[in-house]
Amino acid sequence: MGMDDTFGADLWRVQKELEAEIQRSEAILSCMKEGILAIDGAGEVLKLNRKARQMLNITGAKVEGAPISFVCGQGELLAFVAEGLAARDNSEREIKLSGPSPIIAMATRSPMFGSGGEYIGMVVALNDITQLRRLENVRRDFASNVSHELRTPITSIRGFVETLLNGAITEPDAARRFLEIINRHASRLSSIIEDLLTLSSLEKGEAIELARQPMLTIVQKAMDGMAEKAEEKHIKMKILCEQGIDVLVNGPLLETAISNLIDNAINYSEEGTTVSVSAERAGEMVSIHVRDEGPGIEKQHLDRIFERFYRVDAARSRKAGGTGLGLSIVKHVVLAHRGNVTVESVPGKGSVFSIHIPIGESQEGE
């Protein structure tokens with residue numbers, strides 16, 4: 001083999017190694033969860049990975065070599081890049097990225113230098129922290145709501161105890177009335193704590209004990225438990241449940257979920273109206289519907305009513321004795337059964353809350 005042939009073979013091998021290295025780099029960049037954007041000293045795009053394209057809503061087939069301001073319209077990011085090109089520093093900042101689904105990103109910039117120490121540009125890493133910020137807001141709201149829900153009954157209890165200690169205890173009629181109020185607020189505190197403990201247990205995601213039992217029995221128990229409250233408001237209760245539906249469920253938990261939906265329906269129904277509960281089988285699923293003839297729920301509330309302590313009508317809910325946790329418990333009970341809960345509502349025409357859960361293994365004789 002001549003010298004030219006040897007040189008050609010070496011060149012071919014080096015080229016192949018470079019191509020393989022480029023392919024490996026491309027594969028690594030495309031698999032990264034962070035958006036990576038490389039920009040040269042003039043502000044032109046050197047490289048961006050798939051995640052960066054998604055986060056920045058960049059759809060052009062070829063953007064390398066174009067100014068970043070031409071291919072990206074994200075104002076906060078462009079300002080962050082411009083500052084970095086001028087300062088040539090390491091920095092990070094939380095920025096908002098607009099688009100069909102707005103994103104909160106932690107942007108981190110780092111300067112790039114060549115082998116001779118010359119400045120050649122910068123790399124920006126974009127880490128999507130939207131979910132993290134949402135969870136932080138949920139945690140903050142939860143702490144605030146718990147404090148508020150507990151503070152009200154505690155303040156009332158302390159106030160009436162102080163009144164009794166200051167002499168009202170010697171007045172039998174007044175003392176009895178104050179003690180009844182204290183007892184009512186203590187019961188509310190107990191209900192809130194019990195519901196919080198129930199939610200905490202469900203949110204751990206631990207497996208629940210299941211047993212096969214008639215759907216009608218579970219629905220009937222839930223309705224029996226709410227009968228007295230319905231009678232106090234002169235609300236009629238109707239049950240429409242298909243016979244012979246046996247489900248593999250945790251009976252007490254599902255009964256609690258249905259009871260919470262019935263309780264919610266009674267709280268928001270006027271006297272003389274009807275609350276009905278129906279259950280029907282659809283393939284391998286069973287659906288339980290709780291219908292009321294209440295005021296209904298405005299559309300803007302529907303996506304949030306299953307959040308802890310979220311109230312459509314706070315004053316009315318507290319007056320009825322609700323803890324603000326009932327619908328959240330319903331959601332988590334249903335999730336524990338690998339199902340889902342839905343709501344349909346028209347303002348002025350009532351609401352329908354529906355639980356959909358798997359029946360479980362095939363029933364005998366089918």
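Along the sequence shown, the residues carry numbers beginning at 1. The analysis underlying the following values was restricted to heavy atoms, covering all of them including side chains, and did not include hydrogens, waters or symmetry mates. Values in this document were obtained by computation on a predicted structure and should not be read as measured data.
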Q: Determine whether Val123 and Lys47 make a side-chain contact, defined as any pair of heavy atoms from C-beta on separated by less than 4.5 Å.
A: no
Q.
Clusters formed by hydrophobic residues whose side-chain heavy atoms approach within less than 4.5 Å: which one holds Met106, and what are its other members?
A. Ile104, Ile129, Leu132
Q: State plainly whether one hydrophobic cluster holds both Phe80 and Leu56, where clusters connect Ile, Leu, Val, Met, Phe, Trp and Tyr through side-chain heavy atoms under 4.5 angstrom apart.
A: yes
Q | Residues forming a side-chain hydrogen bond (donor to acceptor under 3.5 Å, both in side chains) with Glu231, sequence neighbours excluded | A | none
Q. Atom OG1 in Thr217, atom CD1 in Ile245: separation rounded to 0.5 Å?
A. 11.5 Å
Q: For residues Ile357 and Val286, determine if any side-chain heavy atom of one lies less than 4.5 Å from a side-chain heavy atom of the other.
A: yes
Q. Honestly curious: do Ile305 and Val346 fall in one hydrophobic cluster under the side-chain, below-4.5 Å linking rule?
A. no
Q. Considering all heavy atoms of both residues, which atom of Pro111 and which atom of Tyr119 are nearest to each other, and what is their separation?
A. CB-CE1, 3.8 Å
(Q) Heavy-atom count check: over 12 atoms from other residues, nucleotides or ligands less than 6.0 Å from Glu83 CD? (A) yes
Q: Among Ile, Leu, Val, Met, Phe, Trp and Tyr joined by side-chain contacts under 4.5 Å, find the other residues sharing a cluster with Leu197 and list them by chain and number.
A: Ile193
Q. Is any NZ, NE, NH1 or NH2 atom of the basic residue among Glu136 and Arg133 found under 4.0 Å from an Asp or Glu carboxylate oxygen of the other?
A. yes
Q. CZ of Arg53 to CG of Leu37: how many Å apart, nearest 0.5 Å?
A. 10.5 Å
Q) Does Gln243 have any side-chain contact (heavy atoms from CB on, under 4.5 Å) partners at least two apart in sequence or in another chain, and if so, which? A) Leu216
Q) Considering residues at least two apart in sequence or located in another chain, which fulfil the side-chain hydrogen bond (donor to acceptor under 3.5 Å, both in side chains) criterion with Arg304? A) Glu307
Q. To the nearest 0.5 Å, what is the distance between SG (Cys72) and CG (Leu78)?
A. 5.0 Å
**Q.** Gly283 backbone acceptor or donor facing Arg281 side chain under 3.5 Å
**A.** yes
Q.
Evaluate Ser269 against Glu293 for side chain to side chain donor-acceptor pair (under 3.5 Å), listing each step before the verdict.
A. CA-CA 6 Å; Ser269 294; Glu293 298 171 356; over 6 Å; no
**Q.** Set of ring-ring contact (aromatic ring centres under 6.0 Å, His included) partners for Phe70, sequence neighbours left out
**A.** none
(Q) Same cluster or not: Leu85 versus Ile68, using hydrophobic residues (I, L, V, M, F, W, Y) connected whenever any side-chain heavy atoms lie under 4.5 Å apart? (A) yes
**Q.** All pairs passing side-chain hydrogen bond (donor to acceptor under 3.5 Å, both in side chains) where residues 346-355 contributes a residue, at least two apart
**A.** His289-Ser354, Ser345-Ser351
Q: Identify the two heavy atoms, one from Val334 and one from Asn340, that lie closest to each other, and give their separation to 0.1 Å.
A: CG1-N, 3.1 Å
**Q.** Which residues share a side-chain hydrogen bond (donor to acceptor under 3.5 Å, both in side chains) with Asp89, sequence neighbours left out
**A.** Arg109
Q. Got more than 12 heavy atoms from elsewhere within 6.0 Å of CD, Glu209?
A. no
Q. If you measure from CG on Asn49 to CD1 on Ile36, what distance do you get to the nearest 0.5 Å?
A. 5.5 Å
**Q.** same_hphob_cluster(Met215, Ile239) at 4.5 Å side-chain heavy-atom cutoff
**A.** yes
Q | All side-chain contact (heavy atoms from CB on, under 4.5 Å) counterparts of Ala174, not counting sequence neighbours | A | Glu171, Phe178
Q.
If the condition is side-chain contact (heavy atoms from CB on, under 4.5 Å), which residues does Leu240 pass it with, not counting sequence neighbours?
A. Ser278
**Q.** Side-chain H-bond candidate by donor/acceptor type, Asn267 with Lys233, under 3.5 Å
**A.** no
Q | Separation between CD1 of Ile329 and CG of Leu261, rounded to the nearest 0.5 Å | A | 11.0 Å
(Q) I need the minimum non-hydrogen distance between Arg212 and Leu248, along with the two atoms involved. (A) N-CD1, 3.6 Å
Q) In chain order, what residues pass the side-chain contact (heavy atoms from CB on, under 4.5 Å) check against Leu150, with sequence neighbours excluded? A) Val146, Ile154, Leu189, Ile192
**Q.** Carboxylate-amine/guanidinium proximity below 4.0 Å for Arg184 and Glu180
**A.** no
Q) Out of curiosity, Ile262 CD1 to Asp292 CG, how far, rounded to the nearest 0.5 Å? A) 11.5 Å
Q | For the student: nearest non-hydrogen atoms of Ile157 and Ala186, plus distance | A | CD1-N, 3.9 Å
Side chains of residues 220-228: which donor-acceptor pairs under 3.5 Å do they make with residues two or more places apart or in other chains?
| from | atom 1 | to | atom 2 | distance (Å) |
| --- | --- | --- | --- | --- |
| Gln220 | NE2 | Asp224 | OD1 | 3.0 |

